[in-house]
Protein chains: 2
Amino acid sequence: MLDSYTVFVYFILKENNLKKIPHPRKEDLELCSVLSALSDPVRLSIVKELLGRGECNCSFFCGFSLAKSTMSHHFKVLRESGLIMTTIKGTEYIHSVRKDELDSMFPGVLDSVLKSYDKRRK
Amino acid sequence: MLDSYTVFVYFILKENNLKKIPHPRKEDLELCSVLSALSDPVRLSIVKELLGRGECNCSFFCGFSLAKSTMSHHFKVLRESGLIMTTIKGTEYIHSVRKDELDSMFPGVLDSVLKSYDKRRK
DNA sequence: TTTATAGTTCTAAGAATATCGAACAATAAT
DNA sequence: ATTATTGTTCGATATTCTTAGAACTATAAA
């Protein structure tokens, strides 16, 4: 039985609980942090997948056989370095590479790294 | 007083003590190791200096106010990742960037990274 | 032969990283 | 309301990294 007061309280609670995921500003991105984030094989692989697929949630990355808390950690490192952006859609977290901003700050870095990664020995 | 026997023994001793510094083969260089080596500010700065100066010994890098053992460690990391080559000339260790080999294995990576590094905020 | 030079290697300490499982949180579905 | 989904966050552990000082090594110079 929902009276108007209950609806109001529910709305406030929802608003307060809305998760805000912090992202660094483009101008604050640091080259060393980006390189460090990319230097881990798991994360480099994530970035490659994200670039290939456009954007997607974490479920695409179960092939790593790593715990989901571990994957969450890697996504966090990528986010804090400025490599990816995360938005929440329902219960899903949608990730995408901040390609334009990265290209603007560090021209050629992402492209050359991923090109080399693609033609590595399998 | 050097007789021929003394000269011979001296030669053998010198030969045995000749330091062989191991370097990874070009084909064995790994992208993640290179990125990891470059992701440290000290090492990135070393690479930049080496590229600017051509080749040089460690004494150019005293401005870091780091212990020489620490610098030696960073040069070792750079060497083992394949980023630099080290030869011994007298008591000096001469370092140089393996630019051609890196460009061949990872085209554009070194250039784009150092370009971004050069125009970072001071 | 002794001393100086230029660096390496060893050892150790503290910080940072990668990983996991358990507990938790927000939304969606029933 | 309860349960399911999709993750995050916390706490712990094992490993790696950065740094430094002390001892050492090979060559050069006196």
Side-chain angles (χ1 to χ4, degrees), chain A residues 1-2 6-7 9-23 30 32-33 35-46 55-62 64-81 84 86-95, chain B residues 1-2 6 9-23 32-33 35-46 55-62 64-81 84 86-95:
Chain A
M1 210 69 70
L2 299 178
T6 306
V7 167
V9 168
Y10 184 61
F11 174 74
I12 292 297
L13 285 174
K14 279 180 82 73
E15 281 305 295
N16 284 342
N17 286 332
L18 259 189
K19 289 194 185 169
K20 297 270 164 47
I21 304 182
H23 291 82
E30 283 174 26
C32 284
S33 303
L35 294 176
S36 176
L38 288 175
S39 72
D40 180 277
V42 173
R43 289 192 295 260
L44 188 47
S45 175
I46 290 175
E55 54 175 35
C56 52
N57 64 9
C58 303
S59 64
F60 283 112
F61 304 99
C62 297
F64 292 114
S65 65
L66 290 174
K68 60 180 181 171
S69 56
T70 303
M71 294 303 289
S72 187
H73 160 72
H74 284 304
F75 279 107
K76 188 179 185 183
V77 172
L78 287 170
R79 191 183 317 119
E80 292 179 344
S81 76
I84 68 170
T86 306
T87 56
I88 304 180
K89 192 184 271 176
T91 61
E92 289 179 341
Y93 283 61
I94 307 294
H95 305 284
Chain B
M1 210 68 70
L2 298 179
T6 305
V9 168
Y10 183 62
F11 175 74
I12 292 297
L13 286 174
K14 279 181 81 75
E15 280 304 298
N16 284 343
N17 287 332
L18 258 189
K19 288 195 185 170
K20 296 272 164 47
I21 305 182
H23 292 81
C32 284
S33 303
L35 294 176
S36 177
L38 288 176
S39 72
D40 181 275
V42 174
R43 290 191 296 260
L44 188 47
S45 174
I46 290 174
E55 55 176 35
C56 51
N57 64 9
C58 303
S59 64
F60 284 112
F61 303 100
C62 297
F64 292 114
S65 64
L66 290 175
K68 59 181 181 171
S69 56
T70 303
M71 293 304 288
S72 187
H73 159 73
H74 284 305
F75 280 107
K76 187 179 185 183
V77 172
L78 287 170
R79 192 183 316 120
E80 292 179 344
S81 76
I84 67 170
T86 306
T87 56
I88 305 179
K89 191 184 272 177
T91 61
E92 289 179 340
Y93 283 61
I94 308 293
H95 306 284

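From a predicted model like this one, the values you see are computed outputs, not experimental measurements. Here is how names work: the chains are called A, B, and so on, in the same order as the sequence lines, proteins then strands, and each is numbered from 1.
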[atom1] of [X] versus [atom2] of [N]: gap in Å, rounded?
{"X": "A/Y93", "N": "D/dT9", "atom1": "OH", "atom2": "C1'", "result": "10 Å"}
{"X": "B/K76", "N": "D/dT16", "atom1": "NZ", "atom2": "P", "result": "14 Å"}
{"X": "A/M71", "N": "D/dT9", "atom1": "CE", "atom2": "P", "result": "16 Å"}
{"X": "B/I94", "N": "D/dT27", "atom1": "CD1", "atom2": "P", "result": "15 Å"}
{"X": "A/I88", "N": "D/dT6", "atom1": "CD1", "atom2": "C1'", "result": "11 Å"}
{"X": "A/F75", "N": "C/dT19", "atom1": "CZ", "atom2": "C1'", "result": "16 Å"}

For the side chain of [X], starting at C-beta, report the closest nucleotide among [options].
{"X": "B/E92", "options": "D/dT9, D/dG7, C/dG7", "answer": "C/dG7"}
{"X": "B/K68", "options": "D/dG7, D/dT8, C/dG7", "answer": "C/dG7"}
{"X": "B/S72", "options": "D/dG7, C/dT9, C/dC20", "answer": "C/dT9"}

Criterion side-chain hydrogen bond (donor to acceptor under 3.5 Å, both in side chains) against B/H95, the qualifying member of B/N57, B/T87, B/T86
B/T86
Treat primed atoms plus P, OP1 and OP2 as sugar-phosphate and everything else as base, then score nucleotides 10-18 of chain C 5' to 3': B for base contact with protein heavy atoms under 4.0 Å, S for sugar-phosphate contact only, - for none.
--------S
Between A/S72 (side chain) and A/S69 (backbone), is there a donor-acceptor pair under 3.5 Å?
no
Give a yes/no answer on whether the side chain of A/T91 brings an N or O atom under 4.0 Å of OP1 or OP2 in D/dG7.
no
